[in-house]
Amino acid sequence: LKYIPRTMTSGFTAAIAVGIFSGQLKGFLGLEMGTVPVKVLEKFEACAKVLDTIHIPTLSIGLLAMVILILLPRVTTRIPNSLAAILITTPVVFFGDLDVATIHSVYGELPSHVPQFQIYRVSVNTLMDLLPSALTLAILIAIVSLLACVVTDGMTGEHHVSNQELIAEGIANIFCGFFGAVPAAGAVARASTSVKNGGRTPVAGLVHSMAVRFILLFLMPLAGFIPMPTLSAILIMVAYNMSNWREFVFMAKHAPKSDFIVLMGTFLFGILVDLLFAVEVGILLSAILFMRRMSEVSCIRCLLYTSP
């Protein structure tokens with residue numbers, strides 16, 4: 001992954017941004033719809049069919065949160081705009097008794113305790129059944145995590161240590177199994193949000209984990225009152241910051257056509273198919289175009305040697 005071109009990383013990140021945006025339309029607009037589809041285009045189609053069900057109070061809270069997210073950084077950067085949006089809109093919904101979906105109303109009672117440590121009995125047959133899925137997850141987690149590292153490297157100008165990242169992910173996922181948790185990977189959206197709010201060292205991740213643990217143990221009943229449109233507005237802003245649309249414009253005007261093809265190919269396949277397939281397409285296009293470029297700049301000369 002050290003040799004993955006920036007164009008592919010940018011296209012991959014932009015595809016994730018579009019996916020995040022499409023997944024937040026229901027909560028931001030308060031649309032009345034069932035289960036949200038998995039595919040990005042299907043999400044847009046499903047939302048378009050029920051646009052006449054837009055809930056005005058929900059949209060109003062979402063717009064209020066969006067205004068806070070946009071204007072507060074222009075006033076001060078000492079207060080995280082996402083935290084300010086939550087602290088302002090939550091009392092408005094609660095004390096105004098507005099008919100707006102909250103975390104509690106959508107997901108029900110939230111647990112406020114750490115999962116118990118458990119050791120499960122695993123047979124050889126179970127291990128053989130789980131092995132293919134485990135290998136697939138391990139490869140996918142490695143790709144997603146290191147791509148998140150590459151993205152944050154581009155934002156901070158630093159360089160990550162791939163081996164250290166993957167060893168940490170492996171140890172974390174081993175212990176996740178003992179607590180009944182699903183496998184975890186580095187997240188581009190969360191890492192980008194951390195960098196945007198000033199996170200530059202591993203201390204940011206430690207503080208984040210401690211804050212989540214504190215909320216889980218002591219503030220979970222209060223967290224249930226956070227409005228869903230506020231969370232959707234925060235994620236929409238994250239998607240906008242991840243999109244890097246200015247880079248697309250710059251690449252279209254000034255970059256070589258081969259680089260722009262890799263960028264758009266990864267981006268479009270990430271939206272039309274899925275992200276893993278987009279990575280495969282991006283790598284294949286990069287390799288083909290690299291070989292083509294090498295054939296154009298290199299030449300072969302035949303030297304005849306005549307013995308004296």
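Distance CE/Met237 to OG/Ser232: 14.0 Å, rounded to 0.5 Å. With rounding to the nearest 0.5 Å, the separation of CG in Leu29 from CG in Leu59 is 6.0 Å. If you take SG on Cys47 and CE on Met33, they are separated by 4.5 Å, rounding to the nearest 0.5 Å. In this structure, the separation between NE2 on His159 and OG1 on Thr152 is 11.5 Å, given to the nearest 0.5 Å. A distance of 10.0 Å separates CD1 of Ile236 from CG of Leu69, quoted to the nearest 0.5 Å. Asn241 CG to Ile20 CD1: the interatomic distance, rounded to the nearest 0.5 Å, is 10.5 Å.
Shown are His160, Glu165, Gln164; of these, the side-chain hydrogen bond (donor to acceptor under 3.5 Å, both in side chains) with Ser162 is made only by His160. Screening Asp259, Leu284, Val262 against Leu289 for a side-chain contact (heavy atoms from CB on, under 4.5 Å) leaves a single residue, Val262.
Ser145 contributes a side-chain N or O that, together with a main-chain N or O of Gly186, makes up a donor-acceptor pair within less than 3.5 Å. Ser60 places a side-chain N or O within 3.5 Å of a backbone atom of Ile56 that can act as its donor or acceptor partner. Distance alone, capped at 3.5 Å, is enough to place a donor-acceptor pair between the Thr53 side chain and the Glu32 backbone. In terms of modelled atom types and a separation under 3.5 Å, the side chain of Arg200 and the main chain of Val195 share a donor-acceptor contact. Judged by distance alone, the side chain of Ser22 and the main-chain N or O of Gly19 form a donor-acceptor pair under 3.5 Å. Without hydrogens or angle criteria, Lys43 side chain to Val36 main chain gives no donor-acceptor distance under 3.5 Å. Of the possible donor and acceptor atoms, none in the side chain of Asn244 sits under 3.5 Å from a partner among the backbone N and O of Ala14. Formation of a donor-acceptor pair under 3.5 Å by the Ser194 side chain with backbone atoms of Ala191 is not found in this model. Within the 3.5 Å criterion, the main-chain N or O of Ala233 finds no donor-acceptor partner in the side chain of Gln24. Side-chain atoms of Ser133 do not come within 3.5 Å of backbone N or O of Leu130 as any donor-acceptor pair.
Counting heavy atoms from C-beta on, the side chains of Leu263 and Phe248 come closer than 4.5 Å. Asp99 places a side-chain heavy atom less than 4.5 Å from the side chain of His55. Between Phe214 and Leu219, some side-chain heavy-atom pair lies under the 4.5 Å cut-off. Side-chain atoms of Thr266 and Val281, non-hydrogen and from C-beta on, never get closer than 4.5 Å to each other. Looking only at side-chain heavy atoms (C-beta outward), Pro227 and Thr90 come within less than 4.5 Å of each other. Residues Phe277 and Asp274 form a side-chain contact, since some pair of their non-hydrogen atoms from C-beta on lies under 4.5 Å apart. Side chains of Met228 and Tyr107 form a contact here, defined as non-hydrogen atoms less than 4.5 Å apart. For the pair Phe21/Leu235, no side-chain contact is recorded, criterion being any heavy-atom separation below 4.5 Å from C-beta on.
Criterion: ILVMFWY side-chain heavy atoms under 4.5 Å apart, direct or through other members. Under it, Ile61 and Ile88 are not part of a common hydrophobic cluster. Under a hydrophobic clustering in which Ile, Leu, Val, Met, Phe, Trp and Tyr are joined whenever their side-chain heavy atoms come within less than 4.5 Å, directly or via other members, Phe260 and Ile288 fall into different clusters. A single hydrophobic cluster is seen to contain both Phe269 and Ile16, as judged by linkage of ILVMFWY side chains at heavy-atom distances under 4.5 Å, directly or through other members. There is no path of hydrophobic side-chain contacts, each under 4.5 Å, that joins Ile70 to Val92. The cluster map of Ile, Leu, Val, Met, Phe, Trp and Tyr, joined by side-chain heavy atoms under 4.5 Å apart, puts Leu231 and Leu25 in the same cluster.
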Q: Determine, stepwise, if the pair Ile226 / Thr102 fulfils side chain to side chain contact (heavy atoms under 4.5 Å, CB included).
A: CA-CA 5 Å; Ile226 297 177; Thr102 61; over 6 Å; no
Q: List the steps, then state whether side chain to side chain contact (heavy atoms under 4.5 Å, CB included) holds for Leu127 with Leu131.
A: CA-CA 6 Å; Leu127 286 176; Leu131 186 60; over 6 Å; no
Q. Stepwise, does the side chain to side chain contact (heavy atoms under 4.5 Å, CB included) test hold for Phe267 with Phe12?
A. CA-CA 6 Å; Phe267 173 67; Phe12 178 85; over 6 Å; no
(Q) With side chain to side chain contact (heavy atoms under 4.5 Å, CB included) as the criterion, how do Leu51 and Ile54 come out once you've worked through the C-alpha distance, each side chain's angles and the decisive distance to 0.1 Å? (A) CA-CA 6 Å; Leu51 276 180; Ile54 292 178; 4.3 Å; yes
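Other residues, nucleotides and ligands place more than 12 heavy atoms under 6.0 Å from the CE atom of Met210. The number of heavy atoms from other shown groups lying within 6.0 Å of CZ (Arg213) does not exceed 12. More than 12 heavy atoms of other residues, nucleotides or ligands sit less than 6.0 Å from atom OH of Tyr120. Residue-environment remark: CD (Gln118) exceeds the threshold of 12 foreign heavy atoms within 6.0 Å.
Taking every heavy atom of both residues into account, Leu217 and His113 meet most closely at CD2-CA, 4.2 Å. Nearest heavy atom pair, residue Val100 against residue Val93, reads CB-CG1, 4.1 Å. Of all heavy-atom pairs spanning Gly27 and Thr58, the tightest one is O-CG2, 3.4 Å. Minimum interatomic distance between Ala184 and Asn173 (heavy atoms only, all atoms of both residues): N-OD1, 2.7 Å. When all heavy atoms of Pro73 and Asn81 are compared, the pair lying nearest together is CG-ND2, 3.5 Å. For the pair Ile79 and Ala84, the tightest heavy-atom approach, listed with the atom from each and the gap, is CG2-CB, 4.2 Å.
Note: Phe179 and Phe117 have perpendicular aromatic rings, judged against thresholds of 30 and 60 degrees for the angle between ring planes.
Counting only N and O atoms by type, the side chains of Ser10 and Thr7 include no donor and acceptor under 3.5 Å apart.
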